[in-house]
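Because the structure is a prediction, the values reported are computed rather than measured.
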Amino acid sequence: MYPLDVVKTRVQLQVGSGAGGEAYNGMFDCLTKIIKQEGPGRLYRGISAPILMEAPKRATKFAANDEWGKFYRGLFGMTSMNQQLSILTGATAGATESFVVVPFELVKIRLQDKSSKYSGMGDVVKQIVKKEGPLALYNGLEATMFRHVSWNAGYFGVIFKVREMLPQAETKSKKMVNDLISGSIGGTVGTMLNTPFDVVKSRIQNTTRVPGVIPKYNWTVPSVVTVFREEGFAALYKGFLPKVLRLGPGGGILLVVFTGVMDFFRSIQK
């Protein structure tokens with residue numbers, strides 16, 4: 001799935017509507033031009049950062065969702081989850097998850113950029129710390145929180161509702177199918193909600209900070225307004241197609257694997 005993420009980032013970083021030989025005019029055009037101009041290996045540039053990020057990111061997502069769910073049930077005196085609690089819990093879990101992923105996301109974005117001059121993940125970290133300071137590794141934290149809060153709220157909220165609407169699963173295979181359906185729909189809705197924040201997050205994290213200079217893309221909401229004014233509403237959904245192709249089915253697979261692994265560990269603890 002990683003080449004889709006590279007394409008998504010390239011399209012999001014492109015300012016303007018895109019036209020001409022060097023511009024990307026959509027997902028397939030971007031994919032073709034990267035392969036033709038830079039070689040197929042470029043589609044995997046920066047993959048070490050997300051590989052290192054995936055395990056702690058997913059673990060934090062579900063662990064935080066579980067623990068925040070317990071907290072909110074106790075806070076509101078409820079014995080079981082409902083959709084409103086699922087949305088609130090997912091949003092809080094997304095905020096928690098953001099603190100884990102920001103440095104990895106920043107490194108990934110810097111390596112995925114077409115004009116990137118970094119030799120690898122270690123070089124990105126070294127150059128950022130040297131030129132911008134160690135705290136610069138958390139550039140884009142606010143935008144990342146907007147992105148993860150909206151995605152997780154949509155994801156877990158939709159999963160709860162879709163599971164309610166689906167026929168009761170009586171076998172493991174039917175339970176897997178229900179999880180795949182609800183997770184895929186949840187991933188799609190989450191992507192629809194968070195793409196505008198993802199667009200500005202990519203631009204914020206790809207901006208090298210210069211002392212005394214306020215960057216064009218700095219805070220999330222003003223950056224969303226800037227993109228809307230300069231490039232139109234559609235620009236806030238740049239990279240949506242490769243993103244939803246990755247996170248729609250990915251949300252279903254994520255839920256199936258998580259549920260299956262949790263069921264396995266519960267069975268061996270009995």
Side-chain angles (χ1 to χ4, degrees), residues 53-102 105 141-198 201 220-221 224 243-244 246-270:
M53 174 180 68
E54 279 305 308
K57 174 184 176 181
R58 303 306 179 186
T60 302
K61 178 193 295 292
F62 284 100
N65 189 70
D66 188 51
E67 290 303 314
W68 282 114
K70 294 176 185 176
F71 171 78
Y72 287 126
R73 286 197 301 272
L75 181 66
F76 297 114
M78 303 181 72
T79 56
S80 60
M81 295 292 288
N82 57 31
Q83 189 179 27
Q84 290 77 19
L85 273 184
S86 296
I87 293 171
L88 178 60
T89 300
T92 316
T96 306
E97 179 187 35
S98 299
F99 289 94
V100 176
V101 306
V102 173
E105 281 284 325
L141 173 61
E142 182 228 11
T144 303
M145 291 185 73
F146 268 97
R147 186 182 80 155
H148 285 264
V149 165
S150 55
W151 196 89
N152 281 274
Y155 182 66
F156 287 108
V158 167
I159 285 172
F160 183 90
K161 193 63 179 179
V162 173
R163 276 176 166 171
E164 271 192 338
M165 297 168 66
L166 291 171
Q168 188 69 32
E170 299 173 354
T171 63
K172 283 187 176 180
S173 60
K174 288 182 179 179
K175 183 180 179 183
M176 186 180 296
V177 171
N178 282 4
D179 282 346
L180 186 63
I181 293 171
S182 57
S184 297
I185 296 174
T188 300
V189 172
T191 303
M192 291 169 67
L193 292 173
N194 88 337
T195 298
F197 303 127
D198 192 36
K201 182 199 77 70
T220 306
V221 175
V224 168
K243 183 177 170 70
V244 79
R246 183 170 62 91
L247 294 177
I253 295 168
L254 177 65
L255 186 61
V256 168
V257 173
F258 172 77
T259 304
V261 171
M262 289 300 293
D263 288 345
F264 169 75
F265 281 121
R266 288 190 188 103
S267 70
I268 63 175
Q269 284 181 335
K270 292 180 180 178

*Under 3.5 Å, is there a donor-acceptor pair between the side chain of Ser267 and the main chain of Phe264?*
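Yes; at least one donor-acceptor contact below 3.5 Å.
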
*Between Asp198 and Asn194, is there a donor-acceptor pair closer than 3.5 Å when you use the side chain of the first and the backbone of the second?*
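A pair under 3.5 Å: no.
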
*Apply the test side chain to side chain contact (heavy atoms under 4.5 Å, CB included) to residues Phe156 and Thr89: give CA-CA distance (whole Å), side-chain angles for both, the deciding distance (0.1 Å), then the verdict.*
CA-CA 8 Å; Phe156 287 108; Thr89 300; over 6 Å; no

With the side chain counted from C-beta on, respond yes when [X] and [Y] share a heavy-atom pair under 4.5 Å apart, and no when they do not.
X: Leu193; Y: Trp151; result: no
X: Asn65; Y: Tyr155; result: no
X: Val149; Y: Phe146; result: no

_Taking ring-ring contact (aromatic ring centres under 6.0 Å, His included) as the definition, give me every residue that meets it alongside Phe258, ordered by chain and number, with sequence neighbours left out._
Phe62

*For Phe71, all residues meeting ring-ring contact (aromatic ring centres under 6.0 Å, His included), sequence neighbours excluded*: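 Partners of Phe71 under the ring-ring contact (aromatic ring centres under 6.0 Å, His included) test: Trp68.
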
Which distance, rounded to the nearest 0.5 Å, do you find between the [atom1] of [X] and the [atom2] of [Y]?
X: Leu255; Y: Ile185; atom1: CG; atom2: CD1; answer: 11.5 Å
X: Asn152; Y: Ser86; atom1: CG; atom2: OG; answer: 12.0 Å
X: Phe99; Y: Leu141; atom1: CZ; atom2: CG; answer: 5.0 Å
X: Lys70; Y: Asp66; atom1: NZ; atom2: CG; answer: 4.5 Å
X: Leu88; Y: Asn82; atom1: CG; atom2: CG; answer: 10.0 Å
X: Leu254; Y: Leu180; atom1: CG; atom2: CG; answer: 11.5 Å

Would you be so kind as to tabulate the donor-acceptor pairs closer than 3.5 Å made by side chains of residues 157-169, with sequence neighbours excluded?
unit_1 : atom_1 : unit_2 : atom_2 : d
Arg163 : NE     : Asp179 : OD1    : 3.4
Arg163 : NH2    : Asp179 : OD1    : 2.9

If the condition is side-chain hydrogen bond (donor to acceptor under 3.5 Å, both in side chains), which residues does [X] pass it with, not counting sequence neighbours?
X: Thr60; result: none
X: Thr92; result: Tyr72
X: Lys175; result: Asp263
X: Thr171; result: Ser173

*asked:* Listing request: all salt bridge (Lys or Arg N to Asp or Glu O under 4.0 Å) pairs with a residue in residues 86-97, at least two apart in sequence or in separate chains.
replied: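 Passing the test, one end in residues 86-97: Lys61-Glu97.
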
*Specify the closest pair of heavy atoms between Val100 and Pro56, including all atoms of both residues, with the distance to one decimal.*
CG1-CB, 4.0 Å

_Nearest atoms (heavy-atom pairs only) where Ser98 meets Met145_ =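 Looking at all heavy atoms of both residues, the shortest contact is OG-CA, 3.3 Å.
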
*Sequence-distant partners of Val177, side chain to side chain contact (heavy atoms under 4.5 Å, CB included), two or more places apart*: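 In terms of side chain to side chain contact (heavy atoms under 4.5 Å, CB included), with neighbours along the sequence ignored, Val177 is linked to Ile181.
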
*Applying side chain to side chain contact (heavy atoms under 4.5 Å, CB included), name anything that partners Glu54, two or more places apart in sequence or on another chain.*
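Per chain and number, Glu54 pairs via side chain to side chain contact (heavy atoms under 4.5 Å, CB included) with Lys57, Arg58.
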
*Assess whether atom CE of Met192 is packed by more than 12 heavy atoms of other residues, nucleotides or ligands within 6.0 Å.*
no

*Can you name the residues that form a salt bridge (Lys or Arg N to Asp or Glu O under 4.0 Å) with Glu105, not counting sequence neighbours?*
Lys108, Arg147, Lys201

*For Arg73, check salt bridge (Lys or Arg N to Asp or Glu O under 4.0 Å) against everything at least two apart and list the hits.*
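Partners of Arg73 by the salt bridge (Lys or Arg N to Asp or Glu O under 4.0 Å) criterion come out as none, since no residue qualifies.
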
